[in-house]
Protein chains: 2
Amino acid sequence: MSQSQLELRHLKTLLALAECGSVSQAAKRVFLTQSALSHQLKALEDHYGLALFERKTQPLRFTPAGERLLALAREVSGLVAGAERDMARLREGEAGELRIAVECHTCFDWLMPAMDAFRQHWPAVELDIVSGFHADPVGLLLTRRADLAICSEAEPQDGVVYQPLFAYEMVLIMAKDHPLAAKPVWQADDLASETLIHYPVPDVMLDLVRKVLKPAGVNPARRTSELTVAIIQLVASRRGVAAMPFWAVKPYLDRGYIASARIGESGLQSELYAALRQDDALLAYMRDFLHTVREQSFATLPGLSVLT
Amino acid sequence: MSQSQLELRHLKTLLALAECGSVSQAAKRVFLTQSALSHQLKALEDHYGLALFERKTQPLRFTPAGERLLALAREVSGLVAGAERDMARLREGEAGELRIAVECHTCFDWLMPAMDAFRQHWPAVELDIVSGFHADPVGLLLTRRADLAICSEAEPQDGVVYQPLFAYEMVLIMAKDHPLAAKPVWQADDLASETLIHYPVPDVMLDLVRKVLKPAGVNPARRTSELTVAIIQLVASRRGVAAMPFWAVKPYLDRGYIASARIGESGLQSELYAALRQDDALLAYMRDFLHTVREQSFATLPGLSVLT
DNA sequence: TACAATCATGAGGCAATTTCATTATTTTAC
DNA sequence: GTAAAATAATGAAATTGCCTCATGATTGTA
C-alpha cells in the first residue's frame, strides 16, 4: 500500500517508457535500474488502484488509465522545461555564443532539428556552425574559434570536458543483389575485395578503417563522396560498399533500395560526445543545448542507445 | 548543495506560500512543519541558484524567479488535478449521488462556489441540498436521506466518519456607535443587557450560547432572523448584537457599516466538519468534493485556519 | 527594550526509493 | 518445440533524502 503522491519523477518515467516501449530500456534513459522503475510503476498503479500497462506484450501497451497519465506527462513536461529555461535565463542572462564545430558529415542530420529547437528557446544566443571538417575540433575550442565540438572520442585534455550524447551502430550497406547481401555479419576479410566508399576525411575519422580494417591489415580500394545520398546511390549502383550509421540509412533499407549487414560479431558501435571548454560546462544554454540534442535525437533517430 | 529535482511537492508548497504569505502558515496548509518548508525552499533556491522570495517582509514577496515558478505551479496544478479526477473516474465510474445536509445558515456562503466547481468536475454526480435545518443532520446520513452533512462538532458515531473542513473565528458585531464598540474583547457579562440577534435555530446550534453564555449563566434578550443581511441591518440599526463568522461579516466591517469585537480572551473558535457514512469515505467524488470545499473556502474566505 | 512571531539551521530519525540478487515470464532463434 | 536470451517481478538490504525536533537568529510591535 504505497501512499506516495504523484511526482514529476513519475511523469518522466512514463515519458521514457512511452518512447522506449520497455521498462529496462526506459530505465537506462532515466539512469535508474530496471528494478527501480518496476517498483516505481507498481507504486503508481497501487496509488491509483488501476493498471497502467499491459506488460505481457512487447512493446508494452498503455491502458486508458496509463494513457491519461501519459497525456498529463506530455502536457506538464513542456511547461516545466519552459519554466526551467526561464529560471536559467534569469540567473545567467539571455545572451551567449554557441559556435559548433562538426567532425562528421552525418552529424548534420541530427544537428539541424536540435538547432532549430534551440534557436526557439534561446533566441538571444548566437548560434553558428564552424564550417569545414577539422581533424582536431577540440583545438578549435581552446583557441576560441568554436564553443562546442562534436566528436566521436573523449580524449582527455586540460580545460576540456566531454559530455556523452548517444551511441549508435555503424552498419555496412551494399547493393541488394550483392553476392554477400544475405550475409548478416561481415568480417574485415569480407571487405578485402570490395571498394569502400566514404566521406573525404582522414582515415582516423573513419571508424571502420580505424577500428576494423587497420587492425586486421585489410586495405580495400577506396572512393569518396561528400554527400550521403550520393554514397547511397553509388552503393545501390554496385560501385562499392560503405559504412554508415544505422539511423542514417534506415529509410533506404525500409524502402528496399539497399541491403545492410552488421560489422563484426557484436557490431561496430560508435559514440558521440560534445566537447566543451570546462568554463562553459555549467552555462545554462550549453546544458540546455546538450539536453535538446539528446532529446531530439532519441525522438527522431532509430536504434540509438544511451551513453554514460 | 542539494541536487534534488523539482517535484510537484515543491509547486504545491509555492501555491500555499502565495496564498498564505508566510512560511509557517503555508506549512500548516500542507501539513508539514515550518522547518520542513524552510529546508525545502532553501533547497529550491540552491537548486536554481536564485533567490525566490524576500523573506524580510510580511507578507513575503516573490522575486521574479519566484513568480516564474509560481506561474508554473498554477499552470501545472490544474492539469494534475484534472488528470487525477479522470483517474478516479476511470476507477469508480462517472456517476454518484451527493445530497448535502446543512446545519448552519452561513454555510451557504461558502458552499455555493464549491458546489459550482464540483458540478463542473463531476457532471454525472447528482448534487442536491437537503432543505430545512435539522437538529440532527447525522441522522439523515444513516437513514440515507443525505450523503454528506455539514456540522460543527465531530460526535463519534458508528458507521459515520468526520472529515475536518476548516476552522474560523466567531466575532461579535455591533453598531458603530454602540457604547462598547471600542472594546476589543467582550466577555459574557458584557452581553447581559444586550439583545442577541440570531438565526431561528435551537440553542445547541448557537456556539455563542452553548460555549459562552450558558456556562456563564448569562441570558440576554433574543430576537431572530432568517437572513444574514437582515441580521447585519438590525445590528447596524442598534436593535442588538450578533455573533457571526468573521469571514461572513468582513465585507461589512471593511465598509464601516458595523463594528466587531473578539469574544473572550482567545476568541470563540468554531470548526466545521463534514460527516459521511463510513462506506462512502473513500469514494473519489466525495474526497474530491471535500478537497474542493477546502480549496474554495481558503481561497475565498478571510481568516480561516486549518483543522486537523 | 522586551516580547511575540516568524524564519534559519544542524543533528538525528525515519521512511521512501534505489540497488542487488534472484526468480519468473516472455520472446527469439535454431 | 526447446534452448537461450531478454525482459519483468520480487524481496531484502542499503542508501538517500525528507521531515521533525530543538534551538538560535531575526523581524516587527507594544
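Chain identifiers are assigned alphabetically (A, B, ...) following the order of the sequence lines, protein sequences preceding nucleic acid strands; residue numbering begins at 1 within each chain.
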Any side-chain heavy-atom pair of [X] and [Y] under 4.5 Å:
X	Y	answer
Phe246(A)	Tyr168(A)	no
Thr308(B)	Phe31(B)	yes
Leu191(B)	Leu208(B)	yes
Leu6(A)	Leu72(A)	yes

Set out, line by line, the N/O atom pairs under 3.5 Å between protein and nucleotides 20-23 of chain D.
unit_1, atom_1, unit_2, atom_2, d
dT20(D), OP2, Thr33(B), N, 2.9
dT20(D), OP2, Thr33(B), OG1, 2.7
dT20(D), O4, His39(B), NE2, 3.4
dC21(D), N4, Ser35(B), OG, 2.5

Take atom [atom1] of [X] and atom [atom2] of [N], then tell me their distance rounded to the nearest Å.
X	N	atom1	atom2	result
Leu17(B)	dA8(C)	CG	C1'	15 Å
Gln40(A)	dT18(C)	CD	C1'	10 Å
Leu52(B)	dA8(C)	CG	P	12 Å
Arg9(A)	dT16(D)	CZ	C1'	12 Å
Leu8(A)	dT17(C)	CG	P	14 Å
Asp46(B)	dT9(C)	CG	P	10 Å
Glu7(B)	dC18(D)	CD	C1'	12 Å
Phe53(A)	dA9(D)	CZ	P	9 Å

* Asked: With the threshold set at 4.0 Å, does a side-chain nitrogen-carboxylate oxygen contact exist between Arg55(A) and Glu45(A)?
  -> yes
* Structure fact -> Value for CD (Gln187(B)) from CG (Asp190(B)), rounded to nearest 0.5 Å, stands at 6.5 Å
* Structure fact -> In numerical order, the residues of residues 19-27 of chain B whose heavy atoms come under 4.0 Å of DNA chain C are Ser22(B), Val23(B), Ser24(B)
* To do: Classify the side-chain pair Tyr285(B)/Glu92(B) by whether it contains a donor and acceptor separated by less than 3.5 Å.
  => no
* To do: Report, as a single string ordered 5' to 3', how protein heavy atoms within less than 4.0 Å touch nucleotides 24-30 of chain D: B base, S sugar-phosphate only, - not at all.
  => ---SS--
Mind listing the side-chain donor-acceptor pairs of residues 12-20 of chain A below 3.5 Å, one per line with the distance, residues two or more places apart or on another chain?
unit_1, atom_1, unit_2, atom_2, d
Lys12(A), NZ, Gln5(B), OE1, 2.5
Thr13(A), OG1, Arg9(A), O, 3.1
Thr13(A), OG1, Gln40(A), OE1, 2.4
Glu19(A), OE1, Arg29(A), NH1, 2.9

What pairs of donor and acceptor atoms, side-chain ones from residues 172-181 of chain B against any protein atom, are under 3.5 angstrom apart with sequence neighbours left out?
unit_1, atom_1, unit_2, atom_2, d
Asp177(B), OD2, Arg238(B), NH1, 3.1
His178(B), ND1, Leu180(B), N, 2.9
His178(B), NE2, Glu194(B), OE1, 3.1
His178(B), NE2, Glu194(B), OE2, 2.9

* To do: Could you tell me which non-hydrogen atom of Ser260(A) sits nearest to which non-hydrogen atom of Leu253(A), and how far apart they are?
  => CB-CD2, 3.6 Å
* Asked: Which ring-ring contact (aromatic ring centres under 6.0 Å, His included) pairs, counting each pair once, include a residue from residues 8-28 of chain B, with sequence neighbours left out?
  -> none
